[in-house]
Amino acid sequence: MTPVHPEFVPDPTLSREEMERLQRDIADVAGFEDDFAFDPAAVRADPTDDGQTALGAATDDAEPPVVVGVDQAFVDAFSEDALAVSAIVATRGSEVIEEVHAVEPTEIPYVPGLLSFREGGAILSAFEKLTVDPDLAVFDGSGRIHFRQAGIATHVGVTLDVPAVGVAKNLLCGRPRESLDEYLPQGARVAIEADDSVTAPSGTVIGYAYQSRQYDNPETRHVNPLYVSPGHRVSAETTTDLVERLCAGYKLPEPTRLADNYADEVKAEVRD
DNA sequence: GCGACAG
DNA sequence: ATCTTGTCGC
């Protein structure tokens with residue numbers, strides 16, 4: 001698939017000010033409310049999940065929506081001329097239906113808040129090779145949890161106009177409504193609100209800390225939560241619901257894990 | 001000036 | 001993101 005909004009394609013040669021202005025423009029047209037055609041209750045990733053679990057049954061016997069996981073790996077990551085490997089794995093329920101990838105030289109270093117300008121080009125190149133039409137894209141990184149509400153999930157989601165969510169392992173900005181230092185049981189959700197560093201009214205819920213995996217005993221080891229946020233055409237609440245459905249016993253959603261592994265495979269081949 | 005920062 | 005064996009706890 002190709003960009004619906006070519007004017008939003010991330011250009012690494014822009015000045016920092018131009019990048020930030022583009023992000024504000026993207027956030028203006030981004031959809032942070034549900035606006036997609038598939039049934040969220042039909043989304044699943046666990047092969048042992050027949051769709052009749054506590055999460056709620058699908059309304060019909062239709063095939064599960066197509067969910068793509070997107071992840072990057074780098075060859076010579078700390079070098080100026082590092083190569084970005086972008087991998088996309090398309091899934092339907094627990095089935096992998098397509099895998100595509102793209103390898104491109106990185107143009108700029110990693111800068112917090114400008115990640116999409118470093119990795120976005122390779123991601124869009126990989127999407128051009130994708131033949132299936134995704135119902136939802138899951139990105140590694142933030143969406144609305146971003147200074148200008150335009151993290152990589154929002155940037156790419158809006159550019160392709162595809163429903164998208166962001167899944168990050170660390171919090172970029174915003175303020176948890178409750179302390180995340182205490183033990184959170186599996187399934188716990190803590191709202192992440194906009195603070196003064198975010199271009200949204202203070203208190204706006206821009207995402208959630210979601211405890212996708214946790215050990216039963218609070219005294220022993222603990223797992224860090226995921227930070228999920230809307231990318232495009234999905235609300236913060238539904239984003240969390242979808243990520244919950246896509247997790248199958250591991251901390252990360254299944255499409256993300258698959259893309260993670262595939263990116264590593266490609267990287268191993270590329271660095272010969 | 002201080003603090004804080006996805007991958 | 002990346003470099004990496006063993007090791008602790010469920």
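To find a chain, count down the sequence lines: A is the first, B the second, and so on, and within it residues start at 1.
- Salt bridge status for Arg175(A) with Asp196(A): absent, with no side-chain N to carboxylate O gap under 4.0 Å.
- The separation between Tyr250(A) atom OH and dC10(C) atom P is 19 Å, rounded to whole Å.
- Across dC3(C), dA6(B), dT2(C), the shortest atom-to-atom separation from the side chain of Phe74(A) is found for dT2(C).
- Taking a cutoff of 4.0 Å between a charged side-chain nitrogen and a carboxylate oxygen, Arg92(A) and Glu95(A) do not qualify as a salt bridge.
- Counting any heavy atom pair closer than 4.0 Å across all strands shown, Arg144(A) reaches no nucleic acid atom.
- One atom, CD of Gln72(A), and another, C1' of dA1(C), lie 10 Å apart when rounded to the nearest Å.
- Contact annotation: Lys169(A) reaches the phosphate of dA1(C) (side-chain N/O to OP1 or OP2, under 4.0 Å).
- Contact check on Arg118(A) versus Glu107(A) returns no salt bridge, with no Lys/Arg side-chain nitrogen under 4.0 Å from an Asp/Glu carboxylate oxygen.
- Atom pair Ile145(A):CD1 and dC5(B):C1' shows a separation of 13 Å (rounding to whole Å applied).
- Remark: aromatic rings of Tyr262(A) and His101(A) are close, center separation under 6.0 Å.
- Distance from the side chain of Lys267(A) is smallest for dC3(C) among the nucleotides dC3(C), dG7(B), dA1(C).
- For the pair Arg148(A) and dC5(B), the criterion of a side-chain N or O lying under 4.0 Å from OP1 or OP2 is not met.
- When distances run from any side-chain atom of Ala73(A) to the nucleotides dT2(C), dC5(B), dG7(B), the shortest one goes to dT2(C).
- At a threshold of 4.0 angstrom between heavy atoms, the contacts of Leu171(A) are confined to the sugar-phosphate backbone, with no base atom among them.
- With dT2(C), dC10(C), dA6(B) as the candidates, the nucleotide lying closest to the side chain of Phe78(A) is dT2(C).
- With rounding to whole Å, Gln186(A) atom CD is found 13 Å from dC10(C) atom C1'.
- Checked against dC5(B), dT2(C), dG7(B), the side chain of Pro112(A) finds its nearest nucleotide in dC5(B).
- Regarding Leu115(A), its CG atom lies at a distance of 21 Å from the P atom of dA4(B), rounded to whole Å.
- Residue contacts for Leu83(A): at a heavy-atom cut-off of 4.0 Å it reaches no nucleic acid atom on any strand shown.
- Tyr183(A) places its OH atom 11 Å from the P atom of dC10(C), with the value rounded to the nearest Å.
- Using cut-offs of 30° and 60° on the angle between ring planes, the pair Phe139(A) and Phe127(A) is tilted.
- Atom-to-atom, CD1 of Ile123(A) to C1' of dA1(C) comes out at 13 Å; the value is rounded to the nearest Å.
- Aromatic stacking is marked for Tyr110(A) over dG7(B), as both cut-offs hold: 5.5 Å for the centres and 30° for the planes.
- Note: Phe38(A) and Phe36(A) meet the aromatic proximity criterion, with ring centroids under 6.0 Å apart.
- Using a 4.0 Å heavy-atom cutoff across all strands shown, Phe147(A) reaches at least one base atom of the nucleic acid.
- Taking side-chain N and O atoms only, Asn170(A) has a distance below 4.0 Å to OP1 or OP2 of dG7(B).
- In this structure, Arg175(A) places its CZ atom 15 Å from P of dA4(B), rounding to the nearest Å.
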